Protein chains: 2
Amino acid sequence: MAILRSLECLVALVDEGSVTKAAAVLHMSQPALSHQIAALERELGTPVVERLARGVRVTAAGRAVAEEARVALAAASRAVQAGRRVGEGLGRRLRIACAETMTAWLLVPVLRRWQTRWPDVRLDLLEFTSADRMVEQ
Amino acid sequence: MAILRSLECLVALVDEGSVTKAAAVLHMSQPALSHQIAALERELGTPVVERLARGVRVTAAGRAVAEEARVALAAASRAVQAGRRVGEGLGRRLRIACAETMTAWLLVPVLRRWQTRWPDVRLDLLEFTSADRMVEQ
DNA sequence: CTGTTTTACGAGCAACGTAACTATT
DNA sequence: AATAGTTACGTTGCTCGTAAAACAG
C-alpha cells in the first residue's frame, strides 16, 4: 500500500510543476519532497516526473497517479471529518418529551430505528400527563 | 491528515469486530494494531471502539470513519495500479505503418491528440509505397 | 486460569532538515 | 554567479514486536 504522504507530495508536484514550489506549498524542504517522490517512483516502478536541465516535467504516469491520489486524499480527509462530526454527537442525550401515551407509542418504532442507526446516542423518552409538567423539565 | 495504515487497521477492526482477529488478518501483532487504533482515536478526538469486559464493540463514529476509509484505501490502491499500468506503457514505441500518403495525412491530427494525451509514448509513423515493403519491417 | 486488550520498552526504519554536490544558464 | 534538483548524513519520530500487566469470567 502506498503512503498517503507521498501521494500528497505528488499532487502538489503535479499542481505546481516544480519540486521547489510544491515543497513550499506543503511547508517542507525540497529534499524531503524529492525523497518522497523518489520513494513513490520506487513503489510504482516508474518515474512520475521527467528530470530536465531546468526543473521537472510531469509524466503521463505521474498525472494518472495524481488523479486517483486526489480521490484518496479527499476520502481520507472525509473519513477524519466524519469521525469528528459523529464523535461530537456521542455522549449526547436526546430527551424527547411527549404528552400523550398514544404519541409515545407511535414514536417507538421510529426511535428504535434511530437508535439502531446511532447506538451511541442516549435516548430518553419522557412522558407527561400535561403540558404544564413538560415545561418544568 | 490521517495515516493510511491506521485507516486500514480500523477497516479490519470493523470487519472482524475484534482486535485479535483484525491483527491476524493484517499479519501484525495485537499491540501494534491496538496502537494504531489509539493513534487514530487521538487524531479523531473520539473513540472508534467501546472497550467491553470481553472484546470491543465498534462505535457509530468508528463505522462512519471506516466507510470513508474504504474509499480512501481503494483509491490509493487504484493510484498505484494506474501508475504501474501507465508506467508499463512508457518507453514503448508505437510504430504505425501506412501505405498511402493520404492516409498518413488523415492520421496526423489523430496522432497529434494521442501524443498530447500520452506524451511519454514514442510514436513512429512509417510510410511505404507498397505493401511488400511494409511486411519487411 | 483463560481469553482479550492495553501498557512498557527497545529495535529498526522512515521522514525530515541542513549542508554539500551536480548541472545548466 | 544563480537556479533547480539530488545526494549525504545525522536526528527525530513512528511502527512494530516481545514481554508484562490489567481486567473479567
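Quick caveat: nothing in here was measured; it's all calculated off a predicted structure. Throughout, a chain's letter reflects where its sequence line sits, starting with A, and its residues are numbered from 1.
Remark: P of C:dC21 and CD of A:Q30 are 18 Å apart, rounded to the nearest angstrom. Taking atom CE of A:M28 as the reference point, atom C1' of D:dT12 lies 15 Å away to the nearest angstrom. We find that CD1 of B:I3 is positioned 12 Å from C1' of C:dA14, with the value rounded to whole Å. Atom CZ of B:R42 is separated from atom P of C:dT6 by 13 Å (rounded to the nearest Å). Residue A:R57 contributes atom CZ, which lies 19 Å from atom P of D:dA4 at whole-angstrom precision. At whole-Å resolution of the value, NZ in B:K21 and P in C:dG3 are 13 Å apart. Taking atom CG of residue A:L52 and atom P of nucleotide C:dT24, one finds them 11 Å apart after rounding to whole Å. Here the P atom of nucleotide D:dT6 and the CG atom of A:L33 are 9 Å apart, to the nearest Å.
Residue order along DNA chain D, read from the 5' end via each residue's closest nucleotide, puts A:L13 first among B:Q36 and A:L13. Nearest-nucleotide positions on DNA chain D place A:S34 closer to the 5' end than the other of A:S34 and B:P31. Across the interface with DNA chain C, nearest-nucleotide mapping of A:R5 and B:V56 shows B:V56 to be the residue nearer the 5′ end.
Within the 4.0 angstrom heavy-atom criterion, only backbone atoms of the sugar-phosphate kind lie near A:T20; the bases stay farther away.
Side-chain atoms of A:R84 do not come within 3.5 Å of backbone N or O of B:T46 as any donor-acceptor pair.
Among the nucleotides C:dT24, D:dA24, C:dT7, the one closest to any side-chain atom of A:A53 is C:dT24. For B:R54, the listed nucleotide lying nearest its side chain is D:dG25; candidates were C:dG17, C:dA15, D:dG25. Comparing D:dA19, C:dC9, C:dT5 by their closest approach to the side chain of B:H35 singles out C:dC9.
The environment of CD in A:E43 is crowded: more than 12 heavy-atom neighbours from other residues, nucleotides or ligands sit within 6.0 Å.
Here salt bridge (Lys or Arg N to Asp or Glu O under 4.0 Å) pairs that include residues 71-83 of chain B, with residues two or more places apart or in two chains, are A:E68-B:R78.
Between A:I37 and A:E41 there is a side-chain heavy-atom pair separated by less than 4.5 Å.
Criterion: ILVMFWY side-chain heavy atoms under 4.5 Å apart, direct or through other members. Under it, A:V14 and A:V71 are not part of a common hydrophobic cluster.
Contact check, B:R51 against D:dA24: no side-chain N or O comes under 4.0 Å of OP1 or OP2.
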